[in-house]
Amino acid sequence: MKYSRITGTGSYLPEKVLTNHDLEKIVDTSDRWIVERTGIRKRHVAADDQTTCDLAEYAARRAMQAAGVSAGDIDLVIVATTTPDQVFPSTACLLQQRLDIHGCCAFDIQAVCTGFVYAMGIADKFIRTGSARCALVVGAETLSRIVDWSDRSTCVLFGDGAGAVVLQASDEPGILSSHLHADGSYESLLRVPVGVSQGYDRLKEEGAYIEMKGNEVFKMAVNTLGRIVDETLEANGLEKGDVDWLIPHQANIRIINATAKKLKMPTDRVVITVAEHGNTSAASVPLALDTAVRDRRIRRGELLLMEAFGGGFTWGSVLLRY
Ligand code: COA
């Protein structure tokens, strides 16, 4: 089998919705500012007793049902998340337990907003090399837990959710290429500067929240995503305009539009969910994919380009024939 191919998609959004008008009551902001600068109108937020694994489980079950596979068929579980339920076991192992999958390789990937793209690239390599035949790849986040709800420059941007795909070995294309990058020297522009081996006491006492230099992140995201698009097209001998659908990371409508322009793609060929979901980090690309698959915009045989950019910085793309 030469390729790994998506055979099912699924997603889940928590019930609770926070609109821009709700945020106007929490911080000094306005619906108008948020819509103009980001394109976001609302975001979903996990209930207090809902965890990342809860969200992941819903999305995973939907993807498995769409693919027509059962727990016994899955031989690789990867969860991309920055907001795991526990320090360990990994959320992938917790999800494996929930789904009654036993014995196969299961691990988390932490590449922040690029996490799902990383996870797809890795799963593809497992399948192409014959190490796995049926992978469950999930992006799931409860970003609301690491958002500083008193910081208007970040709290308006993020949301919770999960998306999943089943990737199976196939003679039909499939993932055509993946391109994964990182440059850790940009750490200070976007981070949660506390973890297990650094500042753990502070984490317990004060919590740990996203810090971001939004303006600088914005410029880097636009330039880097422009470059990854060129890299992906060149690696596959494609021209601008050959791609049927752009499925971008949903951080900011202005970043999405800049990448679409670079690809010469009309807006109606770009899957845009940022208005309804906000930035759900590793969940954003699979959530957008599942949305457009289920409303039948995306059809079998079409060429999809997924791209993402996130903390690290990390960035990457996956080109695939759906
Ligand atoms: N409501 C109202 N005003 C706000 C605000 C909010 N929620 N957040 C910031 N402002 C203010 C700022 O204080 C600033 O005021 P000042 O000029 O009086 O100092 C002004 O708006 C402009 O701030 P600036 O940060 O320059 O705005 P911007 O156009 O860069 O937009 C972001 C801010 C965060 C929307 C934008 O930079 C962005 O999207 N960056 C990328 C974020 C991202 O994608 N991160 C994740 C990567 S995966």
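Atoms within a ligand are numbered from 1 in the order they appear, just like the ligands themselves.
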**Request:** Using the side-chain contact (heavy atoms from CB on, under 4.5 Å) rule, take Thr83 and Arg145 through it: C-alpha gap first, then chi angles, then the decisive distance, then the call.
**Result:** CA-CA 8 Å; Thr83 47; Arg145 305 274 154 76; 5.5 Å; no
Which atoms of ligand 1 sit under 4.0 Å from any heavy atom of [X]?
X      : answer
Ile255 : 44 (O)
His249 : 48 (S)
Val156 : 7 (N)
Arg37  : 22 (C), 27 (O), 28 (P), 29 (O)
Cys113 : 48 (S)
Thr38  : 35 (C)

**Message:** For a quick check under 3.5 Å, do Thr142 and Thr52 share a side-chain donor-acceptor pair by atom type?
**Reply:**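 Side chains of Thr142 and Thr52: pair found under 3.5 Å.
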**Asked** Side chains of Thr81 and Thr91: is there a donor and an acceptor less than 3.5 Å apart?
**Response**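 No, no side-chain donor-acceptor contact under 3.5 Å.
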**Request:** Report the part of Asn252 in contact with ligand 1, treating N, CA, C, O as backbone and CB onward as side chain, heavy atoms under 4.0 Å; options are side chain, backbone, both, neither.
**Result:**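 Only the side chain of Asn252 comes within reach of ligand 1.
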**Under-4.0 Å heavy-atom contact with ligand 1, by part of Phe218 that carries it** =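 Within the 4.0 Å criterion, Phe218 contacts ligand 1 through backbone and side-chain atoms alike.
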For [atom], what's the nearest protein heavy-atom neighbour? Residue, atom name and distance, please.
atom                    : result
atom 25 (O) of ligand 1 : Asn215 ND2, 4.0 Å
atom 12 (C) of ligand 1 : Arg152 NH2, 3.8 Å
atom 41 (C) of ligand 1 : Gly214 O, 3.6 Å
atom 45 (N) of ligand 1 : Met212 SD, 3.3 Å
atom 46 (C) of ligand 1 : Asn279 ND2, 3.6 Å
atom 31 (O) of ligand 1 : Arg254 NH2, 3.7 Å
atom 33 (C) of ligand 1 : Trp33 CH2, 3.8 Å
atom 44 (O) of ligand 1 : Ala251 CB, 3.3 Å

**Request:** Without swapping roles, check the side chain of Arg62 against the backbone of Ser11 for a donor-acceptor pair under 3.5 Å.
**Result:**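 Such a contact is found between Arg62 side chain and Ser11 backbone.
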**Prompt:** Between the main-chain N or O of Gln168 and the side-chain N or O of Ser4, is there a donor-acceptor pair closer than 3.5 Å?
**Reply:**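 The answer is no, because no donor-acceptor pair under 3.5 Å joins these two groups.
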**Trace of the side-chain contact (heavy atoms from CB on, under 4.5 Å) decision for Leu238 with Leu303** = CA-CA 11 Å; Leu238 294 171; Leu303 195 59; 3.8 Å; yes
[X] and [Y] ion-paired at < 4.0 Å:
X      : Y      : value
Asp75  : Arg133 : no
Lys262 : Asp230 : yes
Arg98  : Glu57  : yes
Glu302 : Arg269 : yes

State if [X] counts as touching ligand 1 under the rule of any non-hydrogen atom under 4.0 Å.
X      : value
Ser153 : yes
Val112 : no
Ile34  : no

**Request:** Flag the pair Met64 / Leu136 as yes when at least one side-chain heavy-atom distance between them is below 4.5 Å, and no otherwise.
**Result:**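 They are in contact (side-chain heavy atoms under 4.5 Å apart), so the answer is yes.
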**Asked** In Å, rounded to the nearest 0.5 Å, how long is the span from CD1 of Ile74 to NE2 of His102?
**Response**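 These two atoms lie 13.0 Å from each other.
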**Request:** Please check if a non-hydrogen protein atom sits closer than 4.0 Å to atom 18 (O) of ligand 1.
**Result:**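 No, no protein heavy atom sits under 4.0 Å from atom 18 (O) of ligand 1.
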**Prompt:** Would you say Ser30 and ligand 1 have an N/O pair spaced under 3.5 Å apart?
**Reply:**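 Looking only at distances, the answer is no, because the N/O contact criterion of under 3.5 Å is not met.
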**Message:** Angle between ring planes, Phe107 versus Phe126, binned at 30° and 60°: parallel, tilted or perpendicular?
**Reply:**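 The rings of Phe107 and Phe126 sit tilted, inter-plane angle from 30° to 60°.
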